Amino acid sequence: MSTHFIELCKLCEQLEKEASRNLKVNIVVDFLRKISSEEVKFAVYFITGKFPSNLLTLNVGYSTIYQIIKKLSNISDNQYLTEYNKTGDMGETAKKIFEIYPPKTQKTFFEQPSTLTEVYEIFQKIAEFTGESSRVKKQRLIESFLSKITPLEVKYFIKNLIGEMRHGFSEGLMEEAVAKAFNVELEKVRLASMVTGDLGKVCEFLKIFGKDGIEKISLTVFQPIKPMLADLAKNPAEALIRHGGKTSFEFKLDGVRIQIHKKNSNVKIFSRRLKEVTEAFPEIVEKIKHEIKADSFVVEGEIIPTTKNGKPLPFQYIMRRYGRVKNLEKTIKNIATTLYLFDLLYLDGEVLIGKPFYERRKKLEEIAPNQMLTPQLITSNPVEAEKFFEEAIKNGHEGLVAKQLESAYTPGIRGKKWLKIKKVLETLDLVILAAEYGHGYRHDWLSDYYLAAKNLEVKPIFEKDYVSFADYVEKIHNDRFKVVGKTFKGLTDEEIKTLTGKLKNLILEKHGRAVILKPKIVVEVAYSEIQKSPLYSCGYALRFARIVRIREDKTIDEIDTTEKVKEIFEKQFKTTTSNFLER
DNA sequence: CGTGGCTGCCC
DNA sequence: ATTCTGC
DNA sequence: GCAGAATGGGCAGCCACG
């Protein structure tokens, strides 16, 4: 017995309206119970709005969908904008538009509503189109499907295409629903979801084999596992207290987190989101094959970009290696990598994720050479811990990760067993030069801000001097300011609301959902690093910028300059990698 | 054949 | 990735 | 305290288009 997609859409509408998490879970529990084992995994994907990333890659985003909506309904940009501004949601906007301007339907006979299986097959086909004119084929397929279904189905089909559900029911609550629907302990569902990376499959398994089926799901070599996440701590001393007085500190390295699976001579490398990236790192594969003394294992670690001497390079360099297929050999010569391992999840037939961290680390030390291990210090002394933190920074790393010695590997759960402690840089005082209306629940507020520093080196401006919106904003202000980043983080909803009121009085120009502002509002901005920017005209950008507070006491003459931004950028790498700047 | 826009994924 | 918010 | 929503910079690949 198959389930109609429209039933699932109605369920999502209920979730959207319901605030209570418990009730949301109950609604989904009922749905999962009555659905067939063939379709239950599709329901899991469609409700959470996420397909396992190794299963389907659609290569369809906002832009494509926007074009499709426009084409099918034949509306203008302004009509779309007016409708979008009411909700800030693309799926809802399409639903409203199609109710008023229904697409010309191609159906000549009465069509049955689509089943979950049929809808999934559409997604599969979208993913499968590659190569020449694949974009057109994807687009045509979506167009023909959207013109056959109801506006409500359009809404959720589109939401699934972009993966933004906004109904407050994501993977965490789905795990609860699955546990409840099949009468299994939540922890067991979580574990199964983590070792398979596919909650839909777990659900299908439960449906077919009943509640005992879940015992059969366990870590398997070449089946990537969801990584354990860390919470934030302010400093090493706080981490010590939260871990009960004694803990393990490791350098926090700024690269890409990977897990490496090996069985006999076969090696695979997976990313944090379980994508296989083996091909990008042939030198790592060789190291793993020759330098680790075990036949089969799953290890976890970080690959960082380094000079040939092993000194860390900025994060941007690893991105030139990550996922690279073209010019691999040449890039390898220019950007070396260093692998640091920090965990062992499986070794020669034994699953270790339930074992305490200190035991896993000990076994890791037995099979891996010392220089391949993340530097570690186990201590109960806050002074020593602080020294270790300083040492990490001095060596060009991000800070420390504290790991509770007794803790099991609980992938996905952001608990307090692992704590990250990151270095803090001096803040910058910047002016808000432009802003954008937000999306979803923030659609009525100017919630995204362009941050700019004072520019002392003003050069003559030419008509054609800009390519991006940020450049245009600078031009409007005669280049007196330079944009160094954008942020939506740091302010509370109340502050955003109040600020929106103030900013509306400063509008110089409107551009779609963006506004250019008179330079007036000064904010103190924190960030984790200053990066080289190919996007902004001053050449620098803030990484992870967030507003600390609004500086009512400061005028725009008192904000920081691009010179200062440059100084901080250069200071960042002076101690470690002085020579990379010249390259 | 080069380039720009879009997408996915890393942090 | 970071931050805030409702449950 | 957890789960979810909102959304940053920047990299490579890939396709569309001139």
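Lettering of chains follows the sequences in order, A, B, ..., and the numbering in each one begins at 1. Model, not experiment: these values are computed from the prediction.
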- [ ] Look at the aromatic rings of Tyr120(A) and Phe46(A) and report parallel, tilted or perpendicular, splitting at 30° and 60°.
- [x] tilted

TODO: Name the orientation class of the two ring planes belonging to Tyr540(A) and Phe569(A) (parallel below 30°, tilted from 30 to 60°, perpendicular beyond 60°).
DONE: tilted

Establish, with yes or no, whether the OP1 or OP2 oxygen of [N] is under 4.0 angstrom from a side-chain nitrogen or oxygen of [X].
{"X": "Ser528(A)", "N": "dT2(C)", "answer": "no"}
{"X": "Arg442(A)", "N": "dT3(C)", "answer": "no"}
{"X": "Thr492(A)", "N": "dT3(C)", "answer": "no"}
{"X": "Lys420(A)", "N": "dT2(C)", "answer": "yes"}
{"X": "Arg546(A)", "N": "dT2(C)", "answer": "no"}
{"X": "Gln316(A)", "N": "dC11(D)", "answer": "yes"}
{"X": "Lys138(A)", "N": "dC15(D)", "answer": "no"}
{"X": "Ser170(A)", "N": "dA5(D)", "answer": "yes"}

Between [options], spot the one nearest the side chain of [X], thanks.
{"X": "Arg257(A)", "options": "dG9(D), dT7(B), dC11(B)", "answer": "dC11(B)"}
{"X": "Lys326(A)", "options": "dA5(D), dC14(D), dC4(C)", "answer": "dC14(D)"}
{"X": "Pro534(A)", "options": "dC4(C), dC11(B), dG10(D)", "answer": "dG10(D)"}
{"X": "Arg273(A)", "options": "dG10(D), dA1(C), dC9(B)", "answer": "dC9(B)"}
{"X": "Thr130(A)", "options": "dC15(D), dT7(D), dA6(D)", "answer": "dC15(D)"}

Students often get this wrong, so: under 4.0 angstrom with heavy atoms, is [X] touching a base, only sugar-phosphate, or nothing?
{"X": "Ile318(A)", "value": "nothing"}
{"X": "Ala541(A)", "value": "sugar-phosphate"}
{"X": "Asp448(A)", "value": "sugar-phosphate"}
{"X": "Lys252(A)", "value": "nothing"}
{"X": "Ser271(A)", "value": "sugar-phosphate"}
{"X": "Arg166(A)", "value": "sugar-phosphate"}
{"X": "His167(A)", "value": "sugar-phosphate"}

Tell me whether [X] is salt-bridged to [Y], with the criterion being a basic N under 4.0 Å from an acidic carboxylate O.
{"X": "Lys422(A)", "Y": "Glu398(A)", "result": "yes"}
{"X": "Arg549(A)", "Y": "Glu495(A)", "result": "no"}
{"X": "Glu426(A)", "Y": "Lys564(A)", "result": "yes"}
{"X": "Asp77(A)", "Y": "Lys70(A)", "result": "yes"}
{"X": "Glu171(A)", "Y": "Lys226(A)", "result": "yes"}

Whole-Å distance separating the [atom1] atom of [X] from the [atom2] atom of [N]:
{"X": "Ile332(A)", "N": "dA12(D)", "atom1": "CD1", "atom2": "P", "answer": "14 Å"}
{"X": "Asp89(A)", "N": "dG4(D)", "atom1": "CG", "atom2": "P", "answer": "18 Å"}
{"X": "Tyr527(A)", "N": "dT2(C)", "atom1": "OH", "atom2": "P", "answer": "16 Å"}
{"X": "Lys275(A)", "N": "dG13(D)", "atom1": "NZ", "atom2": "P", "answer": "10 Å"}
{"X": "Glu494(A)", "N": "dC4(C)", "atom1": "CD", "atom2": "P", "answer": "14 Å"}
{"X": "Met319(A)", "N": "dG13(D)", "atom1": "CE", "atom2": "C1'", "answer": "12 Å"}
{"X": "Leu491(A)", "N": "dT3(C)", "atom1": "CG", "atom2": "C1'", "answer": "10 Å"}
{"X": "Lys24(A)", "N": "dA3(D)", "atom1": "NZ", "atom2": "P", "answer": "15 Å"}

Do any N or O atoms of the protein come closer than 3.5 Å to N or O atoms of nucleotides 2-5 of chain B, and which pairs are they?
unit_1 : atom_1 : unit_2    : atom_2 : d
dG5(B) : N2     : Arg135(A) : NH1    : 3.4

Would the [X] and [Y] ring centres measure less than 6.0 Å apart?
{"X": "Phe123(A)", "Y": "Phe157(A)", "value": "yes"}
{"X": "Phe222(A)", "Y": "Phe270(A)", "value": "no"}
{"X": "His443(A)", "Y": "Tyr84(A)", "value": "no"}

- [ ] Quote, to the nearest angstrom, the P distance that separates dC11(B) from dT7(D).
- [x] 22 Å

Task: Euclidean distance for P, dC6(B) against dT3(C) (whole angstrom) - done: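 Comparing P positions in dC6(B) and dT3(C) gives a spacing of 30 Å.
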
TODO: Output the residues of residues 50-61 of chain A in contact with DNA chain D, where contact means a heavy atom of the residue under 4.0 Å from an atom of the strand; sort by number or write none.
DONE: none

Open item on the list: Return whichever of Leu173(A) or Thr487(A) has its heavy-atom-nearest nucleotide of DNA chain D closer to the 5' end.
Closed with: Leu173(A)

Task: Along DNA chain D (nearest heavy atom to each residue), the more 5'-positioned of Glu171(A) and Tyr536(A) - done: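 Nearest-nucleotide comparison on DNA chain D picks Glu171(A).
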
Open item on the list: I'd like to know if the side chain of Thr196(A) pairs up with that of Gln223(A) as donor and acceptor (distance under 3.5 Å, no hydrogens or angles considered).
Closed with: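 Distance-only check fails for Thr196(A) and Gln223(A).
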
Open item on the list: Check whether Phe281(A) forms a cation-pi arrangement with Arg321(A) (NZ or CZ under 6.0 Å from the six-membered ring centre, at most 45° off the ring normal).
Closed with: no

